[in-house]
Amino acid sequence: MGIFNKLFKKKKEVKVKKTTIIKDSVEKKEQIIEPKINSDLEHLKNVLPKLKFGWEFESTKTTINGEVIETPKDELPVSTRIAQTSLSVILMKDENQIVQWIKIQDLNGVEVNKALETSFKNLLDQHPEIGIVGIDTKNSEIGKVGMIINASMYSGSLIVLEQIWEQIFQFIGSEEIHFIVPNSQLVIFCDSKDLKGNGYLYGNAKHHFNNSYDSISEFVYFKKKGESIIELKDEELEYDV
């Protein structure tokens, strides 16, 4: 995830004030967003990062004559795996509500890491009100639970950005977080030590995964400050209901 840390290095800064709603209080924060992409990256101005389950793609294809041939590397989608999980970020081109994968050949020589960085800059530019809100679980035994908002179908991809995690750690009051991404629009999280909260996540992961048109993952994930994301199997999660 180191390549994404550079997104927030201070160069020529443009300060954009953002309001994040947390339950009944309003907290104003400042978010630093770098200037618009330069002309060499103009062809990537509509490219955005989207979370995907799976990180391997078909390396062969079948012709109309039934012949199985190797897929040229340039025809494979641009993507990056998230640590050792089953998740990856794939680049999509979003133009006039028509969304399609970006292939390596579409980068026109731009390095994959640079294209990924650019896609996140685009996302922050297009959704300046990205923030975190608290969720009322209607259960007093559950601690603080939150979710990412205002990133539409690209919310899930934000889990690779350390800036987002700094906000989550601060909001929850813990540096060890459990979270779920059952579909592309939902990222819900709580303190990993909150057993009732873990049960809430587990139930919602299964429910939304099985009832969403854009399902991503039914697993619960663990993120500790400064370390990579870990995917937990059901038997590895300690929770209470």
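All residue numbers refer to positions in the sequence shown, counting from 1. All figures in this text were calculated on a predicted structure; none of them were measured in a lab.
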Whether the side chain of [X] engages the backbone of [Y] through a donor-acceptor N/O pair (distance < 3.5 Å, no angle test) should be reported.
{"X": "Asn150", "Y": "Glu129", "value": "yes"}
{"X": "Thr137", "Y": "Ile142", "value": "no"}
{"X": "Asp106", "Y": "Ile102", "value": "no"}
{"X": "His178", "Y": "Leu201", "value": "no"}
{"X": "Ser217", "Y": "Phe219", "value": "yes"}
{"X": "Asn122", "Y": "Leu44", "value": "yes"}
{"X": "Asn183", "Y": "Phe209", "value": "no"}

Non-hydrogen side-chain atoms of [X] and [Y] separated by less than 4.5 Å:
{"X": "Pro77", "Y": "Lys103", "value": "no"}
{"X": "Leu87", "Y": "Ile229", "value": "no"}
{"X": "Leu91", "Y": "Leu48", "value": "no"}
{"X": "Asp191", "Y": "Lys144", "value": "no"}
{"X": "Lys50", "Y": "Met153", "value": "yes"}
{"X": "Ile159", "Y": "Ile164", "value": "no"}
{"X": "Lys73", "Y": "Ile104", "value": "yes"}
{"X": "Ile180", "Y": "Phe189", "value": "no"}

Say you draw a straight line from [atom1] of [X] to [atom2] of [Y]; how long is it, rounded to the nearest 0.5 Å?
{"X": "Ser119", "Y": "Ile90", "atom1": "OG", "atom2": "CD1", "value": "11.5 Å"}
{"X": "Gln170", "Y": "Trp165", "atom1": "CD", "atom2": "CH2", "value": "14.5 Å"}
{"X": "Ser88", "Y": "Arg81", "atom1": "OG", "atom2": "CZ", "value": "9.0 Å"}
{"X": "Asp125", "Y": "Phe120", "atom1": "CG", "atom2": "CZ", "value": "14.0 Å"}
{"X": "Asn108", "Y": "Gln105", "atom1": "CG", "atom2": "CD", "value": "9.5 Å"}
{"X": "Glu75", "Y": "Trp101", "atom1": "CD", "atom2": "CH2", "value": "13.0 Å"}

Non-hydrogen atoms of [X] and [Y] that approach each other most closely:
{"X": "Glu218", "Y": "Ala205", "value": "O-CB, 3.6 Å"}
{"X": "Ile177", "Y": "Ser174", "value": "CD1-O, 3.9 Å"}
{"X": "Val89", "Y": "Pro49", "value": "CG1-CB, 3.6 Å"}
{"X": "Lys93", "Y": "His43", "value": "NZ-O, 3.9 Å"}
{"X": "Tyr154", "Y": "Leu123", "value": "CB-CD1, 3.7 Å"}
{"X": "Phe169", "Y": "Lys224", "value": "CZ-C, 4.2 Å"}

(Q) Could you tell me if Ser228 and Gln84 have a donor-acceptor pair between their side chains, going purely by distance under 3.5 Å? (A) no
Salt-bridge test for [X] and [Y]: reply yes if a basic N is under 4.0 Å from a carboxylate O, no otherwise.
{"X": "Asp234", "Y": "Lys206", "value": "yes"}
{"X": "Lys225", "Y": "Glu166", "value": "yes"}
{"X": "Glu236", "Y": "Lys233", "value": "no"}
{"X": "Glu176", "Y": "Lys193", "value": "yes"}

Q.
Checking side-chain contact (heavy atoms from CB on, under 4.5 Å) between Ile148 and each of Ile188, Val133, Leu158, Val181, which is the one that passes?
A. Leu158
Q: Given side-chain contact (heavy atoms from CB on, under 4.5 Å), test Val78 with Leu107 step by step and report yes or no.
A: CA-CA 9 Å; Val78 180; Leu107 298 182; 3.9 Å; yes
Q: Walk me through it: do Leu51 and Val187 pass the test side-chain contact (heavy atoms from CB on, under 4.5 Å)?
A: CA-CA 11 Å; Leu51 192 68; Val187 181; over 6 Å; no
Q) Do Lys223's NZ or CZ and the ring of Phe179 fall within the cation-pi criteria of under 6.0 Å and 45°? A) no
Q | Lys NZ or Arg CZ of Lys196 over Tyr239 ring: under 6.0 Å, within 45° | A | no
(Q) side-chain contact (heavy atoms from CB on, under 4.5 Å), that's the test. Do Asn198 and Cys190 meet it? Break it down for me. (A) CA-CA 7 Å; Asn198 292 342; Cys190 73; 3.6 Å; yes
Q | Verify same cluster id: Tyr202, Leu195 (apolar side-chain graph, 4.5 Å) | A | no
**Q.** Worked verdict on Gln185 versus Ser152 for side chain to side chain donor-acceptor pair (under 3.5 Å)
**A.** CA-CA 6 Å; Gln185 299 187 52; Ser152 186; 5.0 Å; no
